[in-house]
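Worksheet: the structure to be examined is printed underneath.
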Amino acid sequence: METGLTMLDPKLLRTELDAVAEKLATRGFELDKAAFSALEEKRKALQVKTEQLQAERNARSKNIGKAKAAGEDIQPLLDEVADLGGQLDAAKSELAGLQEDYQALLATLPNLPHESVPVGQDEDENVEIRRWGEPRSFEFEVKDHVDLGEISGLLDFETAAKLTGSRFNLMRGGIARLHRALAQFMLNTQVDEHGYQECNVPLIVNDDSLYGTGQLPKFAEDLFKLNVDHDYYLIPTAEVPLTNILRDQIAQAADLPIKLTALSACFRSEAGAYGKDTRGMIRQHQFEKVEMVQLVHPEQSYQALEEMTGHAEAILQKLELPYRVLSLCTGDMGFGAAKTYDLEVWIPSQQTYREISSVSNCEDFQARRMQARFRSPDAKKPELLHTLNGSGLAVGRCLVAVMENYQQEDGRIQVPEVLKPYMGGAEYV
RNA sequence: GGAGGGCUGGCUGAGUGGUCGAAAGCACCGGUCUUGAAAACCGGCGAGGGUUUGCGCCCUCCCAGGGUUCGAAUCCCUGGCCCUCCA
């Protein structure tokens, strides 16, 4: 009998409870081992009992069928099973209740961190892996992108607030084009140079998809839910539709790795971000992003993580934007990630690096919930894929970085060399 | 908006109350044959879960959720998706 979907491997949880609890502790998650064991013991006893009752019912029903076919009187047999149904129903509903509790507990467990992940409490303990590029020195006082946008009048937060509300933006003219140029450049690079298949995905997904990638059930408040009959949501990232393409599918080993990319709008409620990055377009309810997703053989996933990080870095290098790469510590990683690299780009007005991409290996965490599997010719059973996702890159934040890093004293923005073909050859915006 | 048809294993597709987890074909795996391969023939071949040291035994699953029944892929209800025709 099925125990339903879980996130961590339930077998691992049963057999290696101490080790699992220890690893979860590094993420600041305390697993109540006693409660879990007690629940598990009850589950086992009840499940065995329920299945026995079902086996008995099946056997007796079969006999009734045989007796009837032989023309015998089946009434005595019917009398015998009279109370079996009631017992079975009772056992079933008790078991269902228990499994609901069990699932509720499992659903709160984040993924186990990979052994190479630095142990730490929060973002202060993330480990810098490498830096690329030198922040430019300015001979004038740098302006931030909001001021730069105001000078040209082409980045307009006030009108956007009128149209919708806070955390939206209106781009026009050269800035809108620069934004589009960035998006096209990123997508072309991932498709033409890094071998991803371009996808155009639904921006609205159902709850099954969000459950598959792990946004639900825990993080519903971060999502925009549509007010319609179905459980439809705006996507917070194209990771959701892209990864769920393989939901309930069995891929052939020869087709791996599956590399997908999409340029899409993303929508986030940013609940819990009150007062954070309220100025400018760093944190918006709607933004565009080129997302990369890979579905790979488990043995290849850590190599794929390094490659994918390189695919994101390539964009910044071609744009000649200084950045650094961090390995997120156990306490700062996302719920489903086993290991994550963040790319942070230099923002001159803040004299600091800000996140522009996050690349994660989720191992089989999402694949287990999605039942995304592959079959090897030599293996009997289908195995779970490993899933990876990463931004390549966030377009809005990249626009901020380009505007600020390429600003001129008069407020114009120099067009990065690689974007010129997308800008009709213009030197400045 | 109206009327009908469909959804079954990796794929195609039979199955309308009992011995059906499910014919057949394709694909796949193993064997015979062959110098090797192909063809032919023979055999195997769904998924998830429980239990067991193991062999095994058992449970669940035929779009999803309810219902009828001793017993449901099959009958009834609700929903989803796909297709055809009409407006």
Side-chain angles (χ1 to χ4, degrees), chain A residues 1-15 36-37 39-103 106 202 204-212 216 226 228-233 241 244-256 258 295 297 364-385:
Chain A
M1 186 174 285
E2 283 195 54
T3 49
L5 292 171
T6 52
M7 309 175 174
L8 295 177
D9 184 353
K11 274 182 189 150
L12 192 69
L13 218 64
R14 267 176 242 153
T15 55
F36 180 83
S37 303
L39 203 54
E40 162 61 15
E41 234 167 85
K42 264 207 259 176
R43 186 223 103 236
K44 187 189 272 191
L46 195 53
Q47 184 164 342
V48 169
K49 180 184 158 195
T50 305
E51 289 186 1
Q52 273 172 355
L53 282 170
Q54 278 186 132
E56 193 179 338
R57 187 207 59 187
N58 290 347
R60 290 187 181 234
S61 290
K62 215 170 247 187
N63 283 336
I64 290 173
K66 279 184 191 166
K68 203 175 173 186
E72 295 167 20
D73 179 17
I74 59 170
Q75 193 53 46
L77 293 172
L78 288 179
D79 293 341
E80 269 177 43
V81 295
D83 63 327
L84 232 163
Q87 282 182 50
L88 184 57
D89 284 346
K92 264 187 184 167
S93 69
E94 198 186 341
L95 182 61
L98 203 59
Q99 281 181 336
E100 214 168 285
D101 295 345
Y102 196 81
Q103 282 307 310
L106 287 175
I204 296 170
V205 294
N206 59 34
D207 53 343
D208 287 337
S209 293
L210 288 158
Y211 192 90
L216 290 178
L226 297 184
V228 295
D229 287 345
H230 312 280
D231 280 327
Y232 281 175
Y233 297 81
N244 275 282
I245 289 173
L246 267 285
R247 170 151 56 87
D248 294 322
Q249 295 264 304
I250 300 176
Q252 294 300 319
D255 296 335
L256 304 179
I258 296 167
L295 299 116
H297 192 286
D364 63 12
F365 190 84
Q366 292 178 329
R368 180 171 293 105
R369 313 175 112 204
M370 285 193 298
Q371 287 300 298
R373 295 171 291 173
F374 73 100
R375 192 189 299 275
S376 299
D378 47 321
K380 278 209 157 112
K381 294 191 167 232
E383 300 169 61
L384 293 170
L385 290 162

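First the proteins, then the strands, lettered A, B, ... as listed; each starts at 1. Atoms considered below: every heavy atom in the structure, side chains included; atoms not considered: hydrogens, waters and symmetry mates. All values derive from a computational prediction rather than experimental measurement.
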Please walk me through it: do Q75(A) and D79(A) pass side-chain hydrogen bond (donor to acceptor under 3.5 Å, both in side chains)? CA-CA 6 Å; Q75(A) 193 53 46; D79(A) 293 341; 3.0 Å; yes
side-chain contact (heavy atoms from CB on, under 4.5 Å) partner of F374(A), the single match among L256(A), L295(A), L246(A), L384(A):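 Among L256(A), L295(A), L246(A), L384(A), the one that satisfies the side-chain contact (heavy atoms from CB on, under 4.5 Å) with F374(A) is L256(A).
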What is the distance from [atom1] of [X] to [atom2] of [N], rounded to the nearest Å?
| X | N | atom1 | atom2 | value |
| --- | --- | --- | --- | --- |
| E51(A) | C61(B) | CD | P | 12 Å |
| E41(A) | U51(B) | CD | P | 12 Å |
| D207(A) | G65(B) | CG | P | 14 Å |
| K92(A) | G65(B) | NZ | P | 13 Å |
| L246(A) | G10(B) | CG | P | 15 Å |
| R247(A) | C63(B) | CZ | C1' | 13 Å |
| L77(A) | G18(B) | CG | C1' | 13 Å |
| K42(A) | G50(B) | NZ | P | 19 Å |

Considering every strand shown, what is the Watson-Crick or G-U wobble mate of [N] when both distances are under 3.5 Å?
| N | answer |
| --- | --- |
| G54(B) | none |
| U74(B) | none |
| U34(B) | none |
| A3(B) | U84(B) |
| C20(B) | none |

At less than 4.0 Å, is any side-chain N or O atom of [X] found next to OP1 or OP2 of [N]? Yes or no.
| X | N | answer |
| --- | --- | --- |
| R43(A) | G49(B) | no |
| K44(A) | U51(B) | yes |
| N58(A) | C59(B) | yes |
| Q54(A) | U60(B) | yes |

Do R369(A) side-chain atoms and Y211(A) backbone N/O form a donor-acceptor pair below 3.5 Å?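 Side chain of R369(A) to backbone of Y211(A): a pair is present.
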Please check if the side chain of N244(A) supplies one atom and the backbone of S209(A) the other of a donor-acceptor pair under 3.5 Å.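 Present.
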On a whole-Å scale, what distance lies between the [atom1] atoms belonging to [N] and [M]?
| N | M | atom1 | value |
| --- | --- | --- | --- |
| G25(B) | G15(B) | C1' | 15 Å |
| G9(B) | C57(B) | P | 26 Å |
| G67(B) | U16(B) | P | 25 Å |
| A24(B) | U78(B) | P | 37 Å |
| A3(B) | C58(B) | P | 48 Å |
| U12(B) | G71(B) | P | 34 Å |
| G48(B) | G21(B) | C1' | 13 Å |
| G65(B) | C11(B) | C1' | 28 Å |

So how far is it from Q47(A) CD to E40(A) CD, rounded to the nearest 0.5 Å?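 Going from the CD atom of Q47(A) to the CD atom of E40(A) covers 9.0 Å.
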Can you figure out which of [options] approaches the side chain of [X] most closely?
| X | options | answer |
| --- | --- | --- |
| S61(A) | C58(B), G18(B), U51(B) | G18(B) |
| R373(A) | G50(B), A47(B), U19(B) | A47(B) |
| K66(A) | G18(B), C81(B), U19(B) | U19(B) |
| I64(A) | G18(B), C81(B), U19(B) | G18(B) |

Let me spell it out: for each of L78(A) and Q52(A), pick the nucleotide of RNA chain B with the closest heavy atom. Which residue's pick is nearer the 5' end?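 Per heavy-atom nearest nucleotide, the more 5' residue is Q52(A).
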Starting at the 5' end of RNA chain B, which residue's closest nucleotide do you reach first, V48(A) or G65(A)?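 Result: G65(A).
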Q52(A) side chain to E56(A) side chain, donor-acceptor N/O pair below 3.5 angstrom: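 Q52(A) vs E56(A): no donor-acceptor pair found between side chains.
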Over 12 non-hydrogen atoms of neighbours within 6.0 angstrom of CD in E94(A):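 Counting neighbours around CD of E94(A), 12 or fewer heavy atoms of other residues, nucleotides or ligands fall under 6.0 Å, so no.
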Tell me whether the side-chain N or O atoms of K68(A) pair up with the base of G18(B) as donor and acceptor below 3.5 Å, since no angle test is needed here.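 In this structure, the two groups form a donor-acceptor pair.
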Touch check for K49(A), heavy atoms < 4.0 angstrom, all strands: base, sugar-phosphate only, or nothing?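 K49(A): no heavy atom of the nucleic acid under 4.0 Å.
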Sugar-phosphate only, base, or nothing, as touched by N63(A) at under 4.0 Å among non-hydrogen atoms: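 Nothing, no heavy atom under 4.0 Å.
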Salt bridge K44(A)-E41(A), side-chain N to carboxylate O under 4.0 Å: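 Here K44(A) does not pair with E41(A) in a salt bridge, since their nearest N and O are not under 4.0 Å apart.
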